[in-house]
There are 2 protein chains.
Amino acid sequence: MGTSDNIVRLHQRVSCDECSLNRFCLAAGLDAQDTERLSATMRHSRPLPRGHRLFRSGEPLEHLYVIKAGAVKIYSSTADGLEQILRFHLPGDLMGLDAMGEERHMSTAVALETTMVCMLPWHAIDTAMRQIPGLQHQLLRFVGNEIATENERVVLLGQRSARERLAAFLLYLSAQFKRRGLSATEFNLPMSRQEIANYLALAIETVSRLFTSFQGEGLVTIERRFVRLESLEAMRQTAYSDSVSAVS
Amino acid sequence: MGTSDNIVRLHQRVSCDECSLNRFCLAAGLDAQDTERLSATMRHSRPLPRGHRLFRSGEPLEHLYVIKAGAVKIYSSTADGLEQILRFHLPGDLMGLDAMGEERHMSTAVALETTMVCMLPWHAIDTAMRQIPGLQHQLLRFVGNEIATENERVVLLGQRSARERLAAFLLYLSAQFKRRGLSATEFNLPMSRQEIANYLALAIETVSRLFTSFQGEGLVTIERRFVRLESLEAMRQTAYSDSVSAVS
DNA sequence: CGTAGCTTTGAAGATTTTCAACCTTAGTGG
DNA sequence: CCACTAAGGTTGAAAATCTTCAAAGCTACG
C-alpha cells in the first residue's frame, strides 16, 4: 500500500514533443522548419541516477535543460558551506534561465530521482533568437514568470508561519501534479524531509512534527513519501489563514 | 549633525545619459541612430512625491522605469492584505521587468522619497527588440541578474539570523551607494525602520534592538536615518558568521 | 537478519515576536 | 515663539514559535 494504482510515477517517460518543442517553439509561433532546426540541436540524456548533477554553480552556461521525467532540485551554496534549495522542478520545466545574466550558472541542479532531460545548447538558442523574433519573446516570458515565482517564494518565507509554509508547499505540489494531468490529491513526494525543510527554511524536526499534526487533524494522510490531501479547501485555510484555527 | 557634508543626497539629479541610454543602449552595442530612436520614445517624469505609486499589481505592463533620482520600494500584496517588500531600487535601476511574464505587473512600486524616473514604453522596447539583436540580449542579461539577486534574497531569508540579515542589509546598501560613487560608509537610509523590518522579514522592534546593539558594539553609528559603518570588515564578520562572536 | 539512513518524538533552550509603555522629532497652530 | 500632536522609533517584559539536542523507531537494502 501507499502507492495507489491511479498514481502515475514521475519517472514514467514523457514524450519529447511535450517538452522543448511544445513549450518553446510552438508557443513561440515558430513554423515547422524553425522548430525542426532548433530541435536538431537538442540532445537527450540517458536516465540520470538520483544525485546526478546537471550543472553546478560557477560553470559557464552551456545548455538549458527541460525535464522529460523525474525531478530536480536547484540550490545555492553560501561561502560558508550552507545550502539553500531555491526550487524544485518537475517534468516539462525549463532549467538554467538564471544563468543568463552572467552566462554562468549561479546555482546547482541535482536529480532527486532517476531523471531524463533534453539539453538545448545555449549558443543555438542564442543564435536562433536573433533570427526568430517570437523565440526571444517567449524566452522573456519564461524568465518573467520565473521572477514572479521567486517573488511568491519571498512572500512565503517572509510572511508565513511554519504551518502555513508547509500547507502552501503541499498545495504547490498538488497544483504542479494536477497541471501535469496527475492526481491533485494523491502523490509521492519526490524529495526527502530534509529537502522540504531546507526549501521552507525550517528544521527537519519541525516539518516532521507538522506532518504528524496535519495527519492528526485529518488534513492529510501521509506514509513516508506518499501523500493524500483529504481536503484541498481545508488545506487552503491552513495555508492562508492560520489565525482562523483550522477546523475541518 | 548627522548628515555630513560629503554625503550626497539621493535626490540630487542624475543625468539621464546615466540611466536609459547608458545602461540600455550603449551596453547593448547600439549605434547612435538606434539609441536616438529608442530614447525618443522615452518620457521623463516630474519629481514624484514620497508615497507616489509608479505601478500597481495587476496593471498591464505599459512602461519600464529607470530611476533618475530618489528611491523606490517594490512590494507584493497577499490576498489577506499583508505586504512583503521585495526590493529597494536606487538611481540607475531598471524596474518593471518582473511584469514580462504575463505583460502585467505582479508587484507595486512606490516612491520612498521624492523621485524622478524615465519611462520607456514597453511596446517601443518590444518592437525595437525585433530589430536590434543586441537589445534583447541585454534585456535577458538584466532579467537573469534579477533572478540571481532574488536567489540571494531567498538564501538570506532562509539561512541567516536576524543579526546577520541586518548586517547583510547594511552591507548591501553600502555596496549600492558605493557603485553610485557615493560614500560606502556614510549614508542616509531611504526607508523607515518598518520598511527595513518588512524587507528582512523581522519585527520592527527586532530591527530597532539590533541597531542599538550594533551601535553598542561600535559597529555603526546611527542617528535616525543616518548611518556610518565604522568597520566594513567587522560588519562582514557579523553578516556571514554570527557564530564566531563578532569582536572588533 | 543486521545495519545504515531517514524519520519521528520528547524535552530543553534559543531566538524572535508581541504587547505595552515611553521617548523623540518634526510639523502645526495658537 | 512655544506648546501640542501625530508619527515613527526605542525599550522592557512576557510569550510564542521554532530549533537544537538526544534518543528511539522504522524501512529498505545488502
Side-chain angles (χ1 to χ4, degrees), chain A residues 1-3 49-51 73 82 84-85 112-114 156-167 169 188-217 220-227 238 242-243 245-246, chain B residues 1-3 49-51 73 82 84-85 112-114 156-169 188-217 220-227 238 241-243 245-246:
Chain A
M1 68 175 176
T3 305
R50 169 176 168 76
K73 67 174 171 182
L82 297 173
Q84 173 64 54
I85 296 178
L112 292 172
E113 54 184 300
T114 306
L156 189 82
L157 295 180
Q159 299 289 339
R160 304 298 181 189
S161 68
R163 213 180 133 75
E164 292 170 319
R165 284 184 220 175
L166 187 58
F169 178 67
N188 284 291
L189 299 169
M191 67 292 287
S192 69
R193 298 288 189 274
Q194 178 60 67
E195 286 159 336
I196 295 172
N198 182 287
Y199 181 74
L200 298 175
L202 298 171
I204 181 173
E205 295 94 332
T206 304
V207 170
S208 182
R209 270 184 259 270
L210 284 170
F211 271 144
T212 305
S213 155
F214 282 179
Q215 190 146 14
E217 295 166 39
V220 294
T221 302
I222 297 178
E223 195 154 331
R224 295 190 63 71
R225 292 198 171 191
F226 169 76
V227 174
T238 306
D242 212 11
S243 48
S245 66
Chain B
M1 69 172 179
T3 305
R50 168 176 170 75
K73 65 173 169 182
L82 298 173
Q84 173 64 54
I85 296 177
L112 292 171
E113 55 183 295
T114 305
L156 189 82
L157 295 180
Q159 300 288 342
R160 305 296 181 190
S161 68
R163 214 180 132 76
E164 292 169 321
R165 285 185 218 174
L166 187 58
F169 177 67
N188 284 291
L189 299 170
M191 67 292 287
S192 69
R193 298 288 190 274
Q194 178 59 68
E195 285 160 337
I196 295 172
N198 182 288
Y199 180 75
L200 298 175
L202 298 172
I204 181 173
E205 295 95 331
T206 304
V207 171
S208 182
R209 271 184 259 271
L210 284 170
F211 271 145
T212 306
S213 154
F214 282 179
Q215 190 146 14
E217 294 165 39
V220 294
T221 302
I222 297 178
E223 195 153 333
R224 297 190 62 70
R225 294 198 169 190
F226 169 76
V227 174
T238 305
S241 59
D242 212 11
S243 48
S245 64

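Lettering follows sequence order; numbering is per chain, from 1. Note that the structure is a prediction, hence the values are computed from the model and not measured.
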Might you work through the side-chain contact (heavy atoms from CB on, under 4.5 Å) test for A/T221 and A/Q215, ending with a clear yes or no?
-> CA-CA 6 Å; A/T221 302; A/Q215 190 146 14; 4.0 Å; yes
Is A/L189 close to A/I222 at the side-chain level, that is, under 4.5 Å between some pair of heavy atoms?
-> no
Rounded distance in Å - CZ (B/F226) to P (D/dG9) = 17 Å
Taking only residues two or more places apart in sequence, or in another chain, which ones meet B/R224 in a side chain to side chain contact (heavy atoms under 4.5 Å, CB included)?
-> none
When you list every nucleotide of DNA chain C with an atom under 4.0 Å from a heavy atom of chain B, which one comes first 5' to 3', and which comes last?
-> C/dT16 to C/dT25
Can you name the closest pair of heavy atoms from A/R163 and A/T238 and give their distance?
-> NH2-CG2, 3.8 Å
Describe the nucleic acid contact of B/S208 in one word from base, sugar-phosphate, nothing, applying a heavy-atom distance below 4.0 Å.
-> base
Take the C1' atoms of the five end pairs on each side of the helix from C/dC1-D/dG30 to C/dG30-D/dC1, get both axes, and report the angle to 10 degrees.
-> 30°
Side-chain donor-acceptor contacts of residues 200-214 of chain A below 3.5 Å, not counting sequence neighbours, with atom names and distances?
{"unit_1": "A/T212", "atom_1": "OG1", "unit_2": "A/S208", "atom_2": "O", "d": "3.0"}
{"unit_1": "A/S213", "atom_1": "OG", "unit_2": "A/E217", "atom_2": "OE2", "d": "3.0"}

With sequence neighbours left out, write down each residue that passes side chain to side chain donor-acceptor pair (under 3.5 Å) with A/Q84, or none if nothing qualifies.
-> B/Q159
Nucleic acid footprint by protein, nucleotides 16-30 of chain D - heavy-atom cut-off 4.0 Å, B for base, S for sugar-phosphate alone | --SBBB-----S---
How close do B/L112 and B/R50 get, heavy atom to heavy atom, and via which atoms?
-> O-NH1, 2.7 Å
Report the residues that fulfil ring pair (Phe, Tyr, Trp, His ring centres under 6.0 Å) with A/Y199, sequence neighbours left out, ordered by chain and then residue number.
-> A/F88, A/F169
Pair listing, salt bridge (Lys or Arg N to Asp or Glu O under 4.0 Å) test, anchored in residues 190-202 of chain B, at least two apart | B/K73-B/E195
Where do N or O atoms of nucleotides 4-7 of chain D meet protein N or O atoms at under 3.5 Å, pair by pair?
none

Does any non-hydrogen side-chain atom of B/P190 lie less than 4.5 Å from one of B/R225?
-> no
Using salt bridge (charged side-chain N to carboxylate O under 4.0 Å, His left out) as the criterion, list what pairs up with A/R160, not counting sequence neighbours.
-> B/D80
